[in-house]
Amino acid sequence: MLEANLGRPGEADSVGVFLAGLERYLSGEASAAEFRELAEMVGAALEYQRKVRHRPGPPAGPAGLLRRVKPAGRPPGPTTKFLTVGEREEAALELLASLRATAVKSFVAGLKDEAHAADAVALRTAEYLAGGIELGPPVPGPPRTILTMLGSVAYPRPRCRPRDSRSEKSLVELTGRKAVFPVDECLGAARLPHKMTTAAMLEVAREFARHKTTAEAREALKKARGFQIGEGLVAKAALTVGEAVFRSDKLKLEKFWGEPAGADGRGLGGGFQPASKPGPGDRVYLKITGLTPSWETPVAAKAGRPPLMLGLVFLAKPVRPEPAPAAEVAGAAGPGCVCLPSLGDVRTLFRSMYAEAHRKGCAHGAGTVVISDGGGWAGELRKRFFPDAKIILDYNDLKGRIRSYADRRFHRLEGPVAWTEQILGWILNGRVQKAVDGVGRTMRQDLKNVCQELMTFISDNKDYVDYDNYLEGDFLTTSYDFDLSLSVLQARMDFALSEQTVVEAQYVAALVAKELSGRWEDVETAVRELYGG
């Protein structure tokens, strides 16, 4: 097989032959002995390529390589020289680099051929003429460089200007430009922002969503894809993608609700069906958590920067590790937790959460649970959208607040832990008032406000801390642990609202939330609908 391929110029190289042989072996078309012989022949070919770089010898073309490879089909003797792992890796990487260069050349040639086959200049000139705009002859211009998944490529792009002032005025009114680039329009490049293809722009946006800083995203793109791109362009591309996602989600929400909605905000549009039916024991859990980025200060508030809220919606079964104290049994949400960000727009956030809960099947009768962080939003969400929902105070939030106060009140190493466990023990045993009184007895003048806040927090949520019964009924007592993911979103929002407008910050939040929710296909769909493939 190798001899047949190498004997004809332009056929597959050694790596291609090896991969083809591997595919035949795995599919059962070739025996193990045949595949072993092929591997030895490819190894000999790679060794020859390595040697000819260091000393004169026969050319490394198909004929010269074939002369060296032919004897390699014999079983190896005791003095046979094999390439080391590192040497084989080096040779393989060189071949792959060569293949990549060939692919780029083929891609650029395809751009030129397609533009020529479409007769771009004549086609566009006729179309504009039909619209009353007369274009002059094409003038050669510098090539256009565009970022693709293969790297930056360039192709020629002639330019056509209007013949007279009337045509120029009409062109400006129609396109906002004073010249026409026919090849760009035929190839669809005129629609692409930031001089990059849709796939490249999506790749840039995804790395932006995965990293806390733009610099980190830029380095990741350089390392993984070889993209040479500045931080500013990374941010611009991400904002463009985020805007497409934000507007797409907004249209979907309006379609779901069938605007205008009723006075209570529950006027559903017709024809919407849940994505799937929940299994036995599944429940839809909802929670709103507030992030506190560094920009959320009195100065920022006066500047009109709204607080960032994040709605979490997930379908889950509880998990009961045995044995374990009731205080530590929290359950797990598993995959599929959807993040729904909102900058100060509580009504839209509530409506989005209802739509997502409906999508997850709560309309089929699945139980709905609101996991509260102690704020008033939980009762409001239940009142407006989920009248039959159960409210549970997030156990981790409760424990965190008590421990935070204990760390400030008690200085001994074991003091905060022991006191926290005592207060939690009273709450878990249904003695909520005793827990409130226990907190009150520790009041210190310099911590008076903090102490009273904790007492009020426990008292206001006394109806939502019956953890023994919750666990007995197979309810989760805490939301899915999104701490790490939320830290990425928080860092991104720090950037967005320090460098961008509030509207642009919404685009950033929408983009990052899609990545955290595992719904990147929504991003791809929204962007490709706007800019094509």
Side-chain angles (χ1 to χ4, degrees), residues 108 111-112 114-148 152-205 208 229-251 496 499-508 510-511 523-533:
V108 175
L111 289 179
K112 297 177 181 178
E114 189 172 340
H116 177 73
D119 199 4
V121 174
L123 177 65
R124 293 306 175 193
T125 299
E127 289 180 354
Y128 279 104
L129 183 61
I133 301 173
E134 188 175 359
L135 298 178
V139 177
R144 176 172 187 172
T145 300
I146 188 168
L147 181 65
T148 73
S152 295
V153 300
Y155 61 89
R157 58 194 302 247
R159 179 185 60 196
C160 297
R161 289 188 178 276
R163 284 189 179 275
D164 50 47
S165 58
R166 179 192 60 78
S167 293
E168 180 177 345
K169 181 179 179 181
S170 299
L171 181 63
V172 172
E173 292 176 353
L174 180 65
T175 66
R177 302 190 308 268
K178 294 184 177 181
V180 174
F181 296 90
V183 176
D184 282 4
E185 295 186 1
C186 282
L187 295 175
R191 299 173 59 191
L192 299 174
H194 313 304
K195 296 182 180 179
M196 60 180 73
T197 63
T198 301
M201 187 164 58
L202 285 167
E203 187 73 10
V204 171
F208 176 93
I229 183 171
E231 291 183 35
L233 189 53
V234 170
K236 288 180 180 179
L239 286 172
T240 299
V241 174
E243 180 180 5
V245 174
F246 177 81
R247 297 190 183 282
S248 175
D249 285 350
K250 184 178 179 181
L251 288 175
E499 302 291 335
Q500 310 294 336
T501 65
V502 173
V503 173
E504 289 172 330
Q506 290 178 323
Y507 302 158
V508 172
L511 177 65
V523 179
E524 294 179 345
T525 300
V527 173
R528 293 187 187 281
E529 285 178 354
L530 280 178
Y531 303 111

Which atom of [X] lies closest to which atom of [Y], heavy atoms considered:
X      : Y      : value
Arg161 : Ala179 : CG-CB, 4.3 Å
Pro138 : Val121 : CG-CG1, 3.8 Å
Ala235 : Phe208 : CA-CE1, 4.2 Å
Val245 : Ala510 : CG1-O, 4.2 Å
Ala526 : Ala244 : CB-O, 3.8 Å
Pro156 : Val183 : O-CG1, 3.9 Å

Atom pair [atom1] ([X]) and [atom2] ([Y]), whose distance is rounded to the nearest 0.5 Å:
X      : Y      : atom1 : atom2 : result
Arg163 : Ile133 : CZ    : CD1   : 14.0 Å
Thr240 : Leu192 : OG1   : CG    : 11.5 Å
Arg191 : Tyr531 : CZ    : OH    : 9.0 Å
Leu239 : Lys236 : CG    : NZ    : 10.0 Å
Ile146 : Leu187 : CD1   : CG    : 9.0 Å
Glu504 : Gln506 : CD    : CD    : 10.5 Å

- [ ] Would you mind telling me which of Arg159, Arg177, Arg157 makes a salt bridge (charged side-chain N to carboxylate O under 4.0 Å, His left out) with Glu185?
- [x]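 Single salt bridge (charged side-chain N to carboxylate O under 4.0 Å, His left out) partner of Glu185 among Arg159, Arg177, Arg157: Arg177.
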Open item on the list: Under the criterion side chain to side chain contact (heavy atoms under 4.5 Å, CB included), I'd like the reasoning laid out for Glu529 against Thr525: C-alpha separation, chi angles, the key distance, then a yes or no.
Closed with: CA-CA 6 Å; Glu529 285 178 354; Thr525 300; 3.6 Å; yes
Task: Verdict with reasoning, Leu530 to Arg247, per side chain to side chain contact (heavy atoms under 4.5 Å, CB included) - done: CA-CA 11 Å; Leu530 280 178; Arg247 297 190 183 282; over 6 Å; no
- [ ] Start with the C-alpha distance between Asp164 and Ser167, add both sets of side-chain angles, then the distance that settles side chain to side chain contact (heavy atoms under 4.5 Å, CB included), and finish with yes or no.
- [x] CA-CA 5 Å; Asp164 50 47; Ser167 293; 3.0 Å; yes
TODO: Using modelled atom types only, decide if a donor and an acceptor are shared between the side chain of Thr198 and the backbone of Gly532 within a distance under 3.5 Å.
DONE: yes
Just so I know, are the side chains of [X] and [Y] near enough to count as touching, which here means a heavy-atom distance under 4.5 Å?
X      : Y      : value
Val204 : His194 : no
Thr125 : Pro182 : no
Leu174 : Tyr128 : yes
Val172 : Lys178 : yes

TODO: With side chain to side chain contact (heavy atoms under 4.5 Å, CB included) as the test, would you mind laying out the steps for Leu129 and Leu135 before giving the verdict?
DONE: CA-CA 7 Å; Leu129 183 61; Leu135 298 178; over 6 Å; no
TODO: Could you list the residues that satisfy salt bridge (charged side-chain N to carboxylate O under 4.0 Å, His left out) with Glu203, not counting sequence neighbours?
DONE: Arg225
